[in-house]
Every structure is written in C-alpha cells, then in structure tokens.
Protein chains: 2
Amino acid sequence: MTFEVRVDTASPVPPYEQIRAQLSELIDQGRLVAGDRLPPVRQLAADLGLAVGTVGRAYRELEAAGKVSSRRGGGTRVTAEAAPRPPAELARLAADYVEAARRLGTADRDLIAAVQRALAPQ
Amino acid sequence: MTFEVRVDTASPVPPYEQIRAQLSELIDQGRLVAGDRLPPVRQLAADLGLAVGTVGRAYRELEAAGKVSSRRGGGTRVTAEAAPRPPAELARLAADYVEAARRLGTADRDLIAAVQRALAPQ
DNA sequence: GAATTTGTATCAAACACATGATACAAATTC
DNA sequence: GAATTTGTATCATGTGTTTGATACAAATTC
C-alpha cells in the first residue's frame with residue numbers, strides 16, 4: 001500500500017486539486033482499498049512542501065465525495081463504500097466521446113461544455 | 001435571424017464566456033448562418049449592461065475559433081467555414097458518456113477530468 | 001474626404017481563488 | 001488524564017483573471 005503523490009507547481013490546476021485527483025484515482029484503481037490510511041496532512045504537506053491546509057482541503061473534498069472518512073485525532077481512511085472501478089473503462093469512454101465529438105467538428109472547449117450541460121441540465 | 005443572449009451575473013462562469021458559448025451554440029445550431037451579422041459590440045454591451053471590451057473578448061475568441069470574422073469599421077459576421085451541426089448530436093453524445101461514466105460510479109468532477117485527459121494525452 | 005461606425009489595445013481596479021500561517025478541536029497513545 | 005497526534009477553521013496575503021473606461025485603428029457612409 002505504498003504510493004506517491006506528485007504536484008506540478010507549473011500546472012494551472014491548483015495543488016489541492018492535483019492531490020485530490022491523484023488520490024481519487026488511486027482509490028478508483030483499487031491501489032488504495034477500504035480501510036487503508038492516508039498519510040497525515042502534516043506529513044504529506046511536508047513531503048510536498050505545501051501548507052497543511054492545502055492537503056487538508058484535498059482530504060475534505062475526498063470526504064465530501066464519500067471516498068474517505070476523516071476524524072480529528074484519528075486519521076483519514078478509505079471508506080468501505082469507495083469501490084474500485086476498472087481503470088481503463090472510464091478512460092476508454094472518455095476517449096470514445098472525444099473522438100465522436102471531434103468528428104462533428106466540435107471545438108475542445110465546447111466539447112467539455114456539452115458534458116457539463118449534460119451533467120447539470122437546467 | 002433574431003436571437004437573444006443572456007448573462008447570468010450570479011454564475012461562476014464569466015460573462016465573456018457566457019456570451020461566447022451562447023453565440024457559438026447559435027452558430028453550431030445553424031440559427032446563425034454564414035454571412036449573418038452579429039450586433040455591434042457597443043449595442044450588445046449596452047443591452048447586457050456590460051463593457052464593450054467584455055463583448056469584444058467574446059467576439060475575438062469566436063474569431064480565433066474560426067466561427068466569425070471581425071473587421072474594424074465593418075462588423076462581425078459568421079464565416080462560411082462555420083458549418084452548422086446537427087444540434088442534438090453533440091448533446092446526445094455527451095449525455096451518453098455521462099450516463100455510462102456514472103454507471104461506473106464516477107464522480108462528476110472525475111468524469112470531466114477524464115475527458116480533459118483524453119483531450120490532451122500527456 | 002469628413003463624419004460615423006465598428007472592432008481592438010491598453011491598463012488600472014475589482015474580483016475570485018488558492019495558499020500559508022496559525023490557532024483550535026477531537027481522538028488516540030502512553 | 002496528560003501528552004501527542006491528527007483534521008479543521010480562520011484569515012490575511014498573494015496571484016491570476018475579468019472587467020470597465022478610455023483611447024486608438026480601420027472600414028463604411030454620406
């Protein structure tokens with residue numbers, strides 16, 4: 001159950017989101033399973049050269065998504081509800097969608113906008 | 001060829017992007033066709049209670065996308081290259097993708113991230 | 001060709017957001 | 001139960017982005 005999180009400070013996507021996304025993917029991939037413990041916020045923050053609040057935010061968002069459970073004094077652990085998914089499946093779906101949409105002549109930006117519209121139909 | 005553009009100031013997506021997206025969709029839908037003229041930036045800006053530069057930015061981005069052509073003193077018109085697409089098609093593709101991804105238990109955010117990853121493979 | 005119309009460039013101000021530092025709260029450890 | 005560990009709340013700071021105001025440039029109109 002050893003893993004690594006990396007943060008690219010040059011990226012436009014903020015560190016807390018990079019951390020959240022990477023941990024989320026580790027859980028989805030089943031490389032972190034129910035009961036596994038995430039490193040303490042202070043440890044991960046020190047490793048990455050970030051503030052504790054930054055890692056804390058990533059943990060909080062993962063908790064809101066139901067993937068981990070945090071308790072003060074306790075720690076942060078992967079929940080039983082966080083079932084692993086076949087990793088290639090989502091990527092394949094996304095690739096199929098992108099290919100089909102591009103064939104329609106859709107610009108990348110509008111392609112993502114269409115997904116967002118499908119997510120939250122007014 | 002009458003149309004309407006609305007801006008929701010409460011939305012987190014900035015006005016210039018709302019304008020761009022709506023006009024882009026009007027063009028994709030074929031409700032604005034090649035040669036059709038967009039309103040002058042000052043007129044649209046006045047209608048929406050925005051600054052000319054805000055509308056101007058939307059026009060500039062549409063031009064960069066090849067959907068319109070702007071000329072000082074002339075105006076801004078839909079290009080011949082901006083071919084209309086079947087409107088339901090993209091929405092249907094997006095809806096299918098969202099449904100399939102959700103069936104995998106994917107969170108909305110990760111669902112969009114997967115598309116972005118498919119767009120720009122590292 | 002002068003006046004007008006129309007898009008663009010510039011730049012300071014406003015705004016939104018993430019971060020870092022610090023203090024606080026709750027559970028565990030001994 | 002005291003000390004330690006761990007997550008959270010707060011808030012000022014910094015950074016990037018959007019906006020608004022204004023001036024400028026280019027085409028059209030008369």
Side-chain angles (χ1 to χ4, degrees), chain A residues 5-24 27 32 35-79 109 113, chain B residues 5-24 27 32 35-79 82 109 112-113:
Chain A
V5 173
R6 292 193 184 183
V7 167
D8 173 14
T9 54
S11 166
V13 32
Y16 86 87
E17 170 60 17
Q18 294 185 40
I19 297 168
R20 185 207 64 80
Q22 286 176 47
L23 291 176
S24 179
I27 294 170
L32 284 176
D36 278 354
R37 191 168 182 181
L38 269 53
V41 289
R42 284 169 183 76
Q43 179 185 319
L44 188 50
D47 286 353
L48 298 173
L50 299 172
V52 295
T54 303
V55 177
R57 174 158 182 187
Y59 282 19
R60 243 175 295 129
E61 303 221 358
L62 286 169
E63 176 160 49
K67 298 200 173 183
V68 304
S69 173
S70 293
R71 272 161 35 208
R72 297 182 175 186
T76 299
R77 294 173 184 277
V78 177
T79 61
R109 187 155 37 178
Chain B
V5 173
R6 292 190 185 185
V7 167
D8 174 14
T9 54
S11 166
V13 30
Y16 85 87
E17 170 61 17
Q18 293 184 42
I19 296 169
R20 186 208 64 80
Q22 286 176 47
L23 291 175
S24 179
I27 294 170
L32 286 176
D36 279 354
R37 192 167 181 183
L38 269 51
V41 288
R42 284 169 183 75
Q43 178 185 320
L44 187 51
D47 287 353
L48 299 173
L50 299 172
V52 295
T54 303
V55 177
R57 176 160 181 186
Y59 282 18
R60 244 175 295 129
E61 302 221 0
L62 286 169
E63 177 160 47
K67 298 199 172 184
V68 304
S69 173
S70 292
R71 270 161 35 208
R72 299 181 175 188
T76 299
R77 293 173 184 276
V78 177
T79 61
R109 186 154 36 178
I112 291 175

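Numbered from 1 within each chain, the chains take letters A, B, ... in sequence-line order.
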Practice task
Grab the two heavy atoms, one from B:Gln18 and one from B:Asp8, that are nearest each other, plus how far apart they are.
Solution key: OE1-N, 2.8 Å
Handout entry: A:Thr79 side chain vs A:Gly66 backbone, donor-acceptor pair below 3.5 Å
Key = yes
Problem - Flag, side chain of A:Arg77 to backbone of A:Ser69, donor-acceptor distance under 3.5 Å - result: no
Exercise for the section: Determine the minimum heavy-atom distance between B:Ile19 and B:Ala58, stating which atoms define it. Expected result: CG2-CB, 3.7 Å
Handout entry: Phosphate OP1/OP2 of D:dT18 contacted by B:Thr54 side-chain N/O (<4.0 Å)
Key = no
Exercise for the section: Go through DNA chain C and write down every stem, that is, every run of at least three consecutive Watson-Crick or G-U wobble pairs with distances under 3.5 Å, as range with range. Expected result: C:1-30 with D:1-30
Problem - Presence of salt bridge, B:Arg60 and B:Glu63, under 4.0 angstrom - result: no
Completion exercise
Closest non-hydrogen atoms of B:Tyr59 and B:Ser70, given as atom of the first, atom of the second and distance, are CB-OG, 4.5 Å
Completion exercise
For A:Arg42 and A:Val52, the nearest pair of non-hydrogen atoms, with its separation, is CG-CG1, 3.5 Å
Exercise for the section: Work out which heavy atom in B:Gly75 is nearest to a heavy atom in B:Arg37; give both atom names and the distance. Expected result: CA-NH2, 3.9 Å
Handout entry: Residues within residues 12-21 of chain B bordering DNA chain D, heavy-atom distance below 4.0 Å
Key = B:Pro14, B:Pro15, B:Tyr16
Exercise for the section: For residues B:Pro15 and B:Thr54, report the shortest heavy-atom separation together with the two atoms involved. Expected result: CB-CG2, 4.2 Å
Completion exercise
Here the distance between atom C1' of C:dG20 and atom CG of A:Leu48, to the nearest Å, is 15 Å
Do any N or O atoms of the protein come closer than 3.5 Å to N or O atoms of nucleotides 6-8 of chain C, and which pairs are they?
unit_1 : atom_1 : unit_2  : atom_2 : d
C:dT6  : O2     : B:Gly73 : N      : 3.0
C:dG7  : OP1    : B:Thr76 : OG1    : 3.2
C:dG7  : OP2    : B:Val41 : N      : 2.6
C:dG7  : N7     : B:Arg42 : NH1    : 2.9
C:dG7  : O6     : B:Arg42 : NH2    : 2.5
C:dG7  : N2     : B:Arg72 : NH1    : 3.4
C:dT8  : OP1    : B:Glu63 : OE1    : 3.4
C:dT8  : O4'    : B:Arg72 : NE     : 3.2
C:dT8  : O4'    : B:Arg72 : NH2    : 2.8
C:dT8  : O3'    : B:Arg72 : NH2    : 3.4

Exercise for the section: Have a look at A:Leu62 and tell me which of A:Val78, A:Thr76, A:Val68 forms a side chain to side chain contact (heavy atoms under 4.5 Å, CB included) with it. Expected result: A:Val68
